[in-house]
Structure formats: structure tokens, C-alpha cells
Number of protein chains: 2
Amino acid sequence: MLRLSKLTDYAIVIACHCARNPQALHNAAEISSSVGIALPTVQKVLKRLTQAGILRSERGAHGGYLLAAAPHQVSVARVIAALEGPIGLTECSLAESQCRQADGCDIRGNWTLINRAIQAALEAVSLADMVKPAPREIPISLGALHAGLR
Amino acid sequence: MLRLSKLTDYAIVIACHCARNPQALHNAAEISSSVGIALPTVQKVLKRLTQAGILRSERGAHGGYLLAAAPHQVSVARVIAALEGPIGLTECSLAESQCRQADGCDIRGNWTLINRAIQAALEAVSLADMVKPAPREIPISLGALHAGLR
DNA sequence: TTTAATCAGGACTAGAATAGTCCCCAATTG
DNA sequence: CAATTGGGGACTATTCTAGTCCTGATTAAA
């Protein structure tokens, strides 16, 4: 399976929770209980989302967290990147890395291609989309991607 | 980073190596040296690719491996699935899993949507594509995905 | 002013997953 | 029969992740 870490999974759930009520302040305990994730873990995730600028925090009594931007402006890609760093399937798709495979390096260009397709898919979906009920049918046309490879 | 395990990465490199010379038999030692991955690891990956039906093996002296199908018929998605199991970003995108988040479950439908987009991207690329030189420009239109969410 | 609530930041631990290695058996060739 | 090569699986060590906890800073309310 093309894994996303559990913490990232939680992050999306938590971000979606805030997106349902974008104006309200949500404190860690409230989020923990309504989302069903242990409090310390929730706190950890909240900190990372705040550092990434996805959430804003209010300190002090009756403090809490809320989305820093409107739900439709926050993409799933951004939440994932906040927890996992830049999106990419392989090491070599990121920097000019130390890929020592004598063979693989012709491949890199095509990896970046795939990565961009995935990134595009994740960026096309916002938190506002996630909290909507799912659509029945899913029209995806990726023919253009394939055309690009010829 | 949206991680793919190293073994999966190797698998793609190895599969691409075979795709460059689809008729020839490649034994483990040859692949190891030309690809720059330790022999035992290469053997491990080769076994999995064979079990998945992506490679065919010939036993005995002068045996080796070769692609079971033409390079353009083997998608990157299939190679990944051979090593990692079904493609999906989250647990809950697979089976009717034991997702106990009181909150998250409205989200599932949208996850499957994202997963399908990614799967489509990975299926659109074959080994034949991977061994070609990379195209300069990448026209990807995922507008349809977003449209599907409305 | 004091107290309580809440976030900030980081250290720490246990467990799981991964990567990598090795061994013995089966099959084929010559 | 002997040499080569894949088949299958067991095993280990290391890395990574998840999860917990503690201490300090900030704010609100009593």
C-alpha cells in the first residue's frame, strides 16, 4: 500500500473537523473526544499543523485552534506536506539526490512526471471538498498524462 | 514525503532494467551489478515480482528472469501493487475497515476519490514509458477530478 | 493577584515495520 | 553427475513511527 503515516491521516481528520466549523475555536480536548484520537497525539498533530501555518492558535484559558484560512483554500496536499514534507514517491524525485543506481537515472524525469500528477490530484481537493458528502460517480480523465509521455 | 518503500523503488528500477531488453534473460547477478543494488536484495525483489506475474523465471544453468509481458503492457501501478499490496493512501480506503473515528467517516468517500486519481496516474504510465527519455513539458489536466467533487 | 486553562516545545520510550542477509531445496544444463 | 541458477522462507538488526510525558509560556477569569 502506498502509505501515508497515521499521523498524517489524523492530521487530515483533524483539519476536516476544524473545517466543519471554521469560525469556532477548537481546543485539543474537544477535538480529541469528538474525533476519537488520544489527547497527546492530537496535541502533537495540532502543533505541527500550527507550525505549518494551516491552523492558528489562541493561547490562554479558552484558547484553542482554528483554521488559518477558509476551508476551500486549504488543499489536502498542504496538510500532507505539513506532516510528511514535500510530496514525492521516491527520494530522487526531490533534490538532485545521491542516486547511485547506474541504471535508474534515466528514469528520474518520468518519476517527476508521476509525482506531479499525484500532487495535482492532492492539490485539487480542498478541506471544503472533504467535508462535503462524497459524489456518486467519479469522472477522472488522465488521458492527458499519458499523452504527455509520448 | 509520500513514501514508497525502498524495495518498491528497487522493483521499479529492476523492472525498467528488464524492460530495456525485454527478450533477453537477466540473471540476478547481472541485474545486481548493472543496477547497483546488493545481490540478496535484488533476489528478494525478483522473487516478489515473479510471484506477482510481472516477471517470468527460467530455472537451471543459464536461467534468469524476463518480463512476462511487453513493456507497454506493464503499468507502474502493477509493480507497486506487487510489492506493497493494493494502492491506497489510508487504511480506510481499502476494506470496510474498523475506522472508529466518530468524525472521519464522512470523509471516506472523498478518500476513495483521491485514491482513484492516484491509481489512475500510476496506471497511465507503463514500463515502456519509464525507459523513454522524459518529455520536456507535462500537460496534466485534473480539472475533471475537481469537477467531480462539486 | 491568584488560579486555572490552554498552547509551545521538546525529550523520551516502546513497539513495529523495513531492509537486508543467509540457508537449504528444486530445477535445468551440459 | 556436477555446476549453475532460481524458489522459498527464516532470521536479525536497525530504523522509523507512534505515542506519552514534562516543563514552561500565555491568557482569561475569579
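In this text, all values refer to a predicted model and were calculated from it rather than measured experimentally.
If you measure from atom CG of B:Leu46 to atom P of C:dA19, you get 16 Å, rounded to the nearest angstrom. As a whole-Å value, the separation of B:His26 NE2 from D:dG6 P is 12 Å. D:dC22 atom C1' lies 14 Å from atom NZ of A:Lys44, rounded to whole Å. As rounded to whole Å, 15 Å separates atom C1' of D:dA18 from atom CG of A:Leu4. For the pair A:Asn27 CG and C:dA5 C1', the computed distance is 9 Å after rounding to whole Å. Whole-Å rounding puts the A:Leu39 CG to D:dC21 C1' distance at 11 Å. As rounded to whole Å, 11 Å separates atom P of C:dG20 from atom CG of B:Asp9. At whole-Å resolution of the value, CG in A:Leu83 and C1' in D:dC16 are 15 Å apart.
Of the listed nucleotides (D:dT27, D:dG19, C:dG20), C:dG20 has the atom at the smallest distance from the side chain of B:Lys6. Nearest to the side chain of A:Leu7, among D:dA28, C:dC7, D:dG19, sits D:dG19. Ranking D:dA18, C:dC7, D:dG7 by closeness to the B:Thr50 side chain, first place goes to D:dG7. Side-chain proximity of A:Arg59 to C:dT21, D:dT27, D:dG7: nearest is D:dT27. If you check D:dA29, D:dT4, D:dG7 against the side chain of B:Ala61, the one that comes closest is D:dT4.
Remark: side-chain polar atoms of B:Asp129 are paired, donor with acceptor, to backbone N or O of B:Ser126 under 3.5 angstrom. Put simply, the side chain of B:Arg56 never gets that close to the backbone of B:Leu67: no donor and acceptor are under 3.5 Å apart. Side-chain atoms of B:Thr8 do not come within 3.5 Å of backbone N or O of B:Leu4 as any donor-acceptor pair.
Contact annotation for A:Gln51: backbone-only contact, meaning every heavy-atom pair under 4.0 Å involves sugar-phosphate atoms and none involves a base. A:Glu58 comes within 4.0 angstrom of the backbone, heavy atoms only, and of no base. Nucleic acid contact for A:Ala29: none, since no nucleic acid atom lies under 4.0 Å from a heavy atom of the residue.
The distance from the OG atom of A:Ser57 to the NE2 atom of A:His26 is 13.5 Å, given to the nearest 0.5 Å. In this structure, the separation between OH on B:Tyr65 and NE2 on B:His17 is 13.0 Å, given to the nearest 0.5 Å.
Put simply, A:Tyr65 has a side-chain N or O that comes within less than 4.0 Å of OP1 or OP2 on C:dA8. Taking 4.0 angstrom as the limit, B:Ser5 places a side-chain polar atom (N or O) nearer than this to OP1 or OP2 of C:dA19. Close to C:dT6, at under 4.0 Å from its OP1 or OP2, lies no side-chain N or O of A:Ser57. In terms of phosphate contacts, A:Tyr10 brings no side-chain nitrogen or oxygen within less than 4.0 Å of OP1 or OP2 of D:dA18.
Salt bridge absent: A:Lys6 and A:Asp9 never bring a charged side-chain N and a carboxylate O closer than 4.0 Å.
Remark: the B:Lys47 side chain and the D:dG7 base include no donor-acceptor N/O pair separated by less than 3.5 Å.
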